Amino acid sequence: MCRSFVRIIAVAFASFVLTPGSMAVGQMPSLTPIRVISAPSDDLRPLLYAQKEGLFRRAGLDVTLALASTGALRTQAVIAGEMDVGKSSLAPLVTAHARGLPLVLIAPSLMYSAKKRTSALVVAPRSPIRSPLDLQGKVIGATALGDITSLGLRAIIDGLGGDSSTLRWVELPTSAVTAAIDQGRIDAGLVAEPSLSQDMKSGKIRFLVDMLGPGGYPRPILETAYYAMRQYVE
């Protein structure tokens with residue numbers, strides 16, 4: 001999967017600046033800078049691999065990476081022109097599109113698979129919370145309010161006959177969720193890889209529910225994607 005996604009991302013980025021006949025035979029291309037912004041997430045591996053192996057430079061690109069914790073911050077940076085390409089979950093992109101902002105998806109990043117989960121809702125090891133219904137009235141940490149994972153949890157709770165409107169949301173980067181649970185500031189929270197496996201193995205957190213699983217979404221979904229402003233792509 002990593003190799004195929006590297007190929008997709010490299011081709012998508014290169015298509016911005018490389019066109020047939022744009023360079024004479026034997027001419028050394030100048031590197032075109034492309035500024036990318038993303039969360040420090042597991043699905044950055046293809047991009048980091050392409051950087052390390054020089055794949056972008058072979059395509060005439062100088063790709064630099066900046067990190068931001070929330071999808072809203074990343075989207076704002078791309079819209080403002082501070083960054084050229086962003087990687088985000090789909091919710092901020094759908095919201096921006098609904099408001100008439102000309103964002104264009106340029107490549108997929110992470111496709112959800114129930115066989116190999118990349119994130120989950122977790123609680124403290126000795127928490128009395130045992131099912132999604134126990135979360136009613138509790139404080140939940142999420143990377144972005146109203147993102148696809150929080151919507152999935154709401155669908156699960158409502159599908160079980162509960163009332164998801166009683167959930168109280170706090171916006172937190174996934175790397176800060178385990179500490180917030182340990183300190184009692186939140187009752188549960190979304191943790192993504194690589195923190196998920198590390199913190200579960202160390203016994204700091206306990207798995208509760210996969211918010212992107214069949215209970216929330218009956219079909220496979222695209223979790224994150226690369227995007228840019230339409231004018232930049234054109």
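Keep in mind that what you see is a predicted model, and the values were worked out from it rather than measured.
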* Which atom of Pro125 lies closest to which atom of Gly203, heavy atoms considered -> CG-O, 3.0 Å

* To do: Please answer whether the main-chain N or O of Glu53 pairs with a side-chain N or O of Arg58 as donor and acceptor at a distance below 3.5 Å.
  => yes

* To do: Would you indicate whether the side-chain heavy atoms of Pro132 and Leu160 approach each other to under 4.5 Å?
  => yes

* Asked: Any side-chain heavy atom of Lys87 sitting closer than 4.5 Å to one from Asp43?
  -> yes

* To do: Would you kindly confirm whether Trp169 and Val123 end up in one hydrophobic cluster when ILVMFWY residues are joined by side chain heavy atoms under 4.5 Å apart?
  => yes

* Examine distances only and state if a side-chain atom of Tyr227 and a backbone atom of Thr75 form a donor-acceptor pair shorter than 3.5 Å. => yes

* Once you round to the nearest 0.5 Å, how far does CG of Leu212 lie from CD1 of Ile148? -> 5.5 Å

* Donor-acceptor contact present, side-chain Arg168 to main-chain Gly137, <3.5 Å -> yes

* **ILVMFWY network linking Leu93 to Leu101, side-chain heavy atoms under 4.5 angstrom** => yes

* To do: Please lay out, stage by stage, how Ile79 and Leu103 fare under the test side-chain contact (heavy atoms from CB on, under 4.5 Å).
  => CA-CA 8 Å; Ile79 293 172; Leu103 293 178; 4.2 Å; yes

* Asked: Distance-only, no hydrogens or angles: does the Asp158 side chain make a donor-acceptor pair with backbone N or O of Ser164 under 3.5 Å?
  -> yes

* Are Leu167 and Leu190 in one and the same hydrophobic cluster, where Ile, Leu, Val, Met, Phe, Trp and Tyr link if side-chain heavy atoms are under 4.5 Å apart? -> yes

* **Heavy-atom closest contact (Ala180 atom, Leu172 atom, distance)** => CB-CD1, 3.8 Å

* Asked: How does the hydrophobic cluster around Leu73 look, that is, which other residues are in it when side-chain heavy atoms under 4.5 Å mark a link?
  -> none

* With no hydrogens and no angle check, is any side-chain donor or acceptor of Asp84 less than 3.5 Å from a backbone partner on Arg35? -> yes

* Asked: More than 12 foreign heavy atoms under 6.0 Å from CD of Gln231: is that the case here?
  -> no

* Asked: Linking I/L/V/M/F/W/Y whenever any side-chain heavy atoms sit under 4.5 Å apart, do Leu47 and Val233 land together?
  -> yes

* Donor-acceptor contact below 3.5 Å, side chain Thr224 vs main chain Leu110 -> yes

* Could you tell me the separation between the OG atom of Ser127 and the CD1 atom of Ile205, rounded to the nearest 0.5 Å? => 12.0 Å

* Asked: Looking only at heavy atoms, which two atoms of Leu105 and Ala225 are closest? And how far apart?
  -> CD2-CB, 4.1 Å

* Working for side-chain contact (heavy atoms from CB on, under 4.5 Å), residues Val122 and Leu208 -> CA-CA 5 Å; Val122 300; Leu208 181 65; 5.9 Å; no

* Step-by-step side-chain contact (heavy atoms from CB on, under 4.5 Å) determination, Leu48 to Leu65 -> CA-CA 9 Å; Leu48 296 175; Leu65 176 65; 3.9 Å; yes

* Between atom CG of Leu67 and atom CZ of Arg74, what is the distance when rounded to the nearest 0.5 Å? -> 9.5 Å

* Asked: If we ignore angles and hydrogens, is there a donor and acceptor under 3.5 Å between the side chains of Gln198 and Ser202?
  -> no

* Structure fact -> Residues Tyr232 and Pro33: closest non-hydrogen pair is OH-O, 4.3 Å

* Asked: Does atom CZ of Arg99 have more than 12 heavy-atom neighbours from other groups under 6.0 Å away?
  -> no

* To do: Compare every heavy atom of Ala228 with every heavy atom of Val85, then report the nearest pair and how far apart it is.
  => CG2-CB, 4.4 Å

* **ILVMFWY network linking Met229 to Met83, side-chain heavy atoms under 4.5 angstrom** => yes

* Structure fact -> Value for CE (Met200) from CD (Glu193), rounded to nearest 0.5 Å, stands at 9.0 Å

* Asked: Should we count NZ of Lys138 as having more than 12 external heavy atoms under 6.0 Å?
  -> yes

* **Ile157 and Gln136, any side-chain heavy atoms less than 4.5 Å apart** => yes

* **Gln51 and Val63, any side-chain heavy atoms less than 4.5 Å apart** => yes

* Which atoms form the tightest heavy-atom contact between Ile37 and Ala77, and what is the distance? -> CD1-CB, 4.0 Å

* **Candidate list Thr166, Asp187, Ile156, Leu153, test side chain to side chain contact (heavy atoms under 4.5 Å, CB included), partner Leu135, passing option** => Leu153

* To do: State whether the side chain of Arg57 and the backbone N or O of Leu31 hold a donor-acceptor pair below 3.5 Å, judged by distance alone.
  => no

* To do: Let me see the working for Ile140 and Leu121 under side-chain contact (heavy atoms from CB on, under 4.5 Å), right down to the final yes or no.
  => CA-CA 9 Å; Ile140 315 296; Leu121 192 76; 3.9 Å; yes

